Number of protein chains: 2
Amino acid sequence: MCYCHKGHHFHHSKEGCPGFRMEKFIQPCMLLLLYERPAHGYELMERLAQLGFVGHIDPGAVYRNLRKMEEDGLVKSEWESGESGPAKRRYVLTPEGEEAIHGWAVHVRYQMERLKAFLDKYEEFFKDGGNKKTD
Amino acid sequence: MCYCHKGHHFHHSKEGCPGFRMEKFIQPCMLLLLYERPAHGYELMERLAQLGFVGHIDPGAVYRNLRKMEEDGLVKSEWESGESGPAKRRYVLTPEGEEAIHGWAVHVRYQMERLKAFLDKYEEFFKDGGNKKTD
DNA sequence: AACAGCTATATGCATAAAACATATAAAGGA
DNA sequence: TCCTTTATATGTTTTATGCATATAGCTGTT
């Protein structure tokens, strides 16, 4: 489902309907998942569903952001081969990465307050139990 | 203050430190302010402070987004001259614009849930009263 | 009159991010 | 062999953002 502001119902990532962009949000999410336990990109892609990345994960975004975060020293990786399936690049969090999570948490709380300020004002203007569908 | 994930303390919009980008969020915010009452860009720029746009509002973003929303039929404008000061372009919300607000509200609630999912997981891992500064 | 400062709108440009498509390749099963 | 799944990676195009700058009328001051 597309949760954009236009009230569409088609699958996300089709027909170009971005709300405000939060895809960089994938970074703190992956860091948190890596804090939980080391993983490779493909696995993260699946576990991101826990954090609301449902139905529209771009592998490009996952892998590119992992490489970017490795460049920034937030994660490090090594090839893991020999088992079943193709070789995987196993990522682990660095101490810098763990620090970054705390920084992101502050940032995320701040942004949440902004969203809340919007919704508070919205509900003040359109109060009908907080759901516009009462009529 | 910069609320980015890197823990900086300098003034925002300096040294390039974006968290995830939410500047398009200015659109629903301006629509809501215009629902409250018609206004021109400069006034909106000031009233945006109510919604957490503090200290770092780019006039370019304001005017560009207003024109964009007019293109999209969400607002309409007319020149208002004759009073004191230079001519102003007075924006009013259209019915489509009001509809868009409701769409945005749904979208914003959804994004808030995503942020909350992140923070819940974060606090589950780093529980110390919700504040990392207890040590 | 000259000038600075404020109000007000607008545009240009360089870079960053996002959307989307596609390439590569190993392994497993039919 | 061929298709599917797992797994990683890159390229291209469009859109968004950050930042600087242009324009212009009005106000108050000297």
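Chain letters run A, B, ... following the sequence lines, proteins first and then strands; every chain starts at 1. Quantities reported herein were computed from a predicted structural model and do not represent experimental measurements. The basis for the numbers below is simple: all heavy atoms, side chains too, and nothing from hydrogens, waters or symmetry mates.
Side chains of A:R89 and A:R67 form a contact here, defined as non-hydrogen atoms less than 4.5 Å apart. Side-chain atoms of A:I26 and A:L51, non-hydrogen and from C-beta on, never get closer than 4.5 Å to each other.
The distance between atom CD1 of B:I26 and atom C1' of D:dT15, rounded to the nearest whole Å, is 16 Å. For B:F53 and D:dT17, the CZ to C1' distance is 13 Å, given to the nearest whole Å. The distance from atom CZ of A:R47 to atom P of D:dA7 is 13 Å, rounded to the nearest whole Å. The nearest whole Å value for the distance from the CE atom in A:M45 to the P atom in D:dT8 is 8 Å. Whole-Å rounding puts the B:D58 CG to D:dA22 P distance at 16 Å. For B:N65 and C:dT9, the CG to P distance is 15 Å, given to the nearest whole Å. The distance from atom OH of A:Y42 to atom P of C:dA25 is 19 Å, rounded to the nearest whole Å. Look at CD on A:E71: it is 15 Å from C1' on D:dT10, rounded to the nearest Å.
Residue A:K24 has its side chain nearest to C:dA18 when only C:dA18, D:dA7, D:dA9 are considered. Looking at the side chain of A:Y91, the nearest of the listed nucleotides C:dG12, D:dA9, C:dT9 is D:dA9. Comparing C:dT9, D:dT8, C:dA21 against the side chain of B:W79 picks out C:dT9 as the nearest. Closest to the side chain of B:P86, out of D:dT8, C:dA25, D:dG25, is D:dG25. Closest approach to the A:R64 side chain among C:dG12, D:dT8, D:dT10 is made by D:dT10 (side chain taken as heavy atoms from C-beta onward). Closest contact between the side chain of A:K88 and the listed nucleotides D:dT8, C:dA25, C:dT9 involves D:dT8.
The residue among B:P59 and B:K68 whose nearest nucleotide of DNA chain D lies closer to the 5′ end is B:K68. Residue whose closest nucleotide on DNA chain C sits further toward the 5' end, between B:E43 and A:A61: B:E43.
Side-chain nitrogen and oxygen atoms of A:R89 include at least one within less than 4.0 Å of the OP1 or OP2 phosphate oxygen of D:dA9. The phosphate of D:dA9 has neither OP1 nor OP2 within less than 4.0 Å of any side-chain N or O from A:Y63.
Using a 4.0 Å cut-off between charged side-chain N and carboxylate O, A:K116 and A:E123 make no salt bridge. Residues A:E43 and A:K88 are not paired through a salt bridge, judged by the lack of any N-O separation under 4.0 Å between the basic side chain and the carboxylate.
No donor-acceptor pair under 3.5 Å is formed between the side chain of A:R90 and the backbone N or O of A:W79.
The side-chain tip of A:R114 points at the ring of B:F53 from less than 6.0 angstrom away and within 45° of straight on.
Between A:H102 and B:F126, the distance from one ring center to the other falls under 6.0 angstrom.
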Just the table, please: protein N/O against nucleotides 28-30 of chain C N/O, every pair under 3.5 Å.
none

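Taking the six-membered ring for Trp and thresholds of 30 and 60 degrees, A:W104 and A:H107 have ring planes more than 60 degrees apart, a perpendicular arrangement.
At a threshold of 4.0 angstrom between heavy atoms, the contacts of A:R67 are confined to the sugar-phosphate backbone, with no base atom among them.
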